[in-house]
Amino acid sequence: SDAGSNGITVTSHIIAAPSIGKKTAARLTRVGVFTIGDLLEADADALAEEIGQRHIPADVIRDWQDQTRLKLALPHLRVHDVQILVGAGVRNVPDLAAASARELLNAALEFAETPGALRIIKPEHAPTSDEVDEWIEAGRSAA
């Protein structure tokens, strides 16, 4: 089924997952992770060991899995939205639906200033309170 122009499905190629670029996709396919479904079903600790790259530990893989689950559940969110959410500690739709807008905005802005965030979002794309309200509303609609 077509998930729309920005939608992904569990059968989408791994390169469609948030945070997965060409190099990482190549590393993942070498260890048998070809689709988003493969990524979501993988044991993060075992996968990190198989990949054998110090900069791809299990906690990074868990972030990718949670970003991907959020993107699947809330397809209209942009990739950097789900990256910010996970970076801010919101790892699933129920957490998003229950989030306090002020606390989430503060956590998102704090994350936006970290070196990891600066690789994915420009400072001028730091989340606004309106965006955070939209994310929470989306979470509540999907919960």
Side-chain angles (χ1 to χ4, degrees), residues 3-31 33-143:
S5 60
N6 65 349
I8 55 172
T9 68
V10 290
T11 58
S12 299
H13 188 277
I14 190 63
I15 194 99
S19 299
I20 306 297
K22 283 189 183 123
K23 268 185 165 146
T24 303
R27 286 193 174 108
L28 288 166
T29 56
R30 276 199 292 276
V31 296
V33 176
F34 299 101
T35 66
I36 282 176
D38 294 339
L39 174 65
L40 296 180
E41 288 166 21
D43 175 271
D45 295 293
L47 186 55
E49 206 164 299
E50 271 185 274
I51 293 169
Q53 295 287 325
R54 215 176 346 190
H55 67 282
I56 307 178
D59 61 340
V60 166
I61 294 170
R62 281 189 273 275
D63 285 351
W64 295 344
Q65 289 171 324
D66 290 339
Q67 291 167 3
T68 302
R69 285 189 193 99
L70 282 170
K71 185 76 176 123
L72 283 166
L74 305 166
H76 61 284
L77 288 188
R78 293 166 302 192
V79 167
H80 80 257
D81 295 339
V82 297
Q83 290 170 320
I84 292 167
L85 283 167
V86 170
V90 173
R91 304 190 83 88
N92 55 53
V93 170
D95 284 357
L96 179 56
S100 142
R102 192 172 60 229
E103 286 170 24
L104 178 53
L105 179 62
N106 290 339
L109 290 173
E110 207 170 289
F111 169 71
E113 291 175 12
T114 63
L118 293 172
R119 283 197 295 273
I120 53 174
I121 57 165
K122 295 180 176 79
E124 62 268 23
H125 293 153
T128 64
S129 58
D130 285 348
E131 278 181 299
V132 168
D133 291 343
E134 287 168 26
W135 297 342
I136 292 171
E137 190 50 51
R140 289 179 180 155
S141 301

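All values reported here derive from a predicted model rather than from experimental measurement.
- One distance of note links CD1 of Ile121 with NE2 of His80; it measures 6.5 Å at 0.5 Å rounding.
- Sorted by first and then second residue, the salt bridge (charged side-chain N to carboxylate O under 4.0 Å, His left out) pairs with a member in residues 7-25 form an empty list; sequence neighbours excluded.
- Taking the salt bridge (charged side-chain N to carboxylate O under 4.0 Å, His left out) definition, one finds that Arg140 meets it with nothing, sequence neighbours left out.
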I'd like a table of donor-acceptor pairs (distance under 3.5 Å, sequence neighbours excluded) in which one partner is a side-chain atom from residues 128-139, with atom names and distances.
unit_1, atom_1, unit_2, atom_2, d
Thr128, OG1, Glu131, N, 3.1
Glu131, OE1, Thr128, N, 3.0
Glu131, OE2, Arg78, NH2, 2.3

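- Between Asp81 and Leu74, every side-chain heavy-atom pair lies at or beyond the 4.5 Å cut-off.
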All N/O donor-acceptor pairs, side-chain side in residues 90-106, below 3.5 Å, sequence neighbours left out:
unit_1, atom_1, unit_2, atom_2, d
Arg91, NE, Asp66, OD2, 2.6
Arg91, NH1, Asp63, OD1, 3.3
Arg91, NH2, Asp63, OD1, 2.4
Arg91, NH2, Asp66, OD2, 3.2
Asn92, OD1, Asp95, N, 2.8
Ser100, OG, Arg102, N, 3.4
Ser100, OG, Glu103, N, 3.1
Asn106, ND2, Arg102, O, 3.4

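- Residues passing the side chain to side chain donor-acceptor pair (under 3.5 Å) test with Thr24: none are found, sequence neighbours excluded.
- Using a 4.5 Å cut-off on side-chain heavy atoms (C-beta onward), Leu70 and Leu77 make no contact.
- Ile15 approaches Ala25 most closely through the heavy-atom pair CD1-CB, 3.8 Å.
- Interatomic distance, Arg27 CZ to Gln53 CD, rounded to the nearest 0.5 Å: 3.5 Å.
- Of the candidates Asp38, Thr29, Ile36, Thr29 is the only one forming a side-chain contact (heavy atoms from CB on, under 4.5 Å) with His13.
- Counting only distance, with no hydrogens or angles, the side chain of Glu110 and the backbone of Ala88 share no donor-acceptor pair below 3.5 Å.
- In this structure, Ile14 CD1 and Leu39 CG are separated by 4.0 Å, a value rounded to the nearest 0.5 Å.
- In this structure, Ser19 and Gln67 approach most closely via the heavy-atom pair OG-OE1, 2.6 Å.
- Closest of all the heavy-atom pairs between Ala112 and Ala126 is CB-CB, 4.2 Å.
- Proximity of Val82 to Thr68: side-chain heavy atoms (C-beta onward) are nowhere separated by under 4.5 Å.
- Applying the salt bridge (charged side-chain N to carboxylate O under 4.0 Å, His left out) test to every pair with at least one member in residues 43-58, sequence neighbours left out, gives these pairs: Asp45-Arg62.
- The line from CG of Leu40 to CH2 of Trp64 is 13.0 Å long, rounded to the nearest 0.5 Å.
- Proximity of Ile8 to Pro75: side-chain heavy atoms (C-beta onward) are nowhere separated by under 4.5 Å.
- The minimum heavy-atom distance linking Lys71 with Pro18 is given by the pair CB-CG, 4.0 Å.
- Residues Ile61 and Ile56 meet the side-chain proximity criterion, which asks for heavy atoms closer than 4.5 Å.
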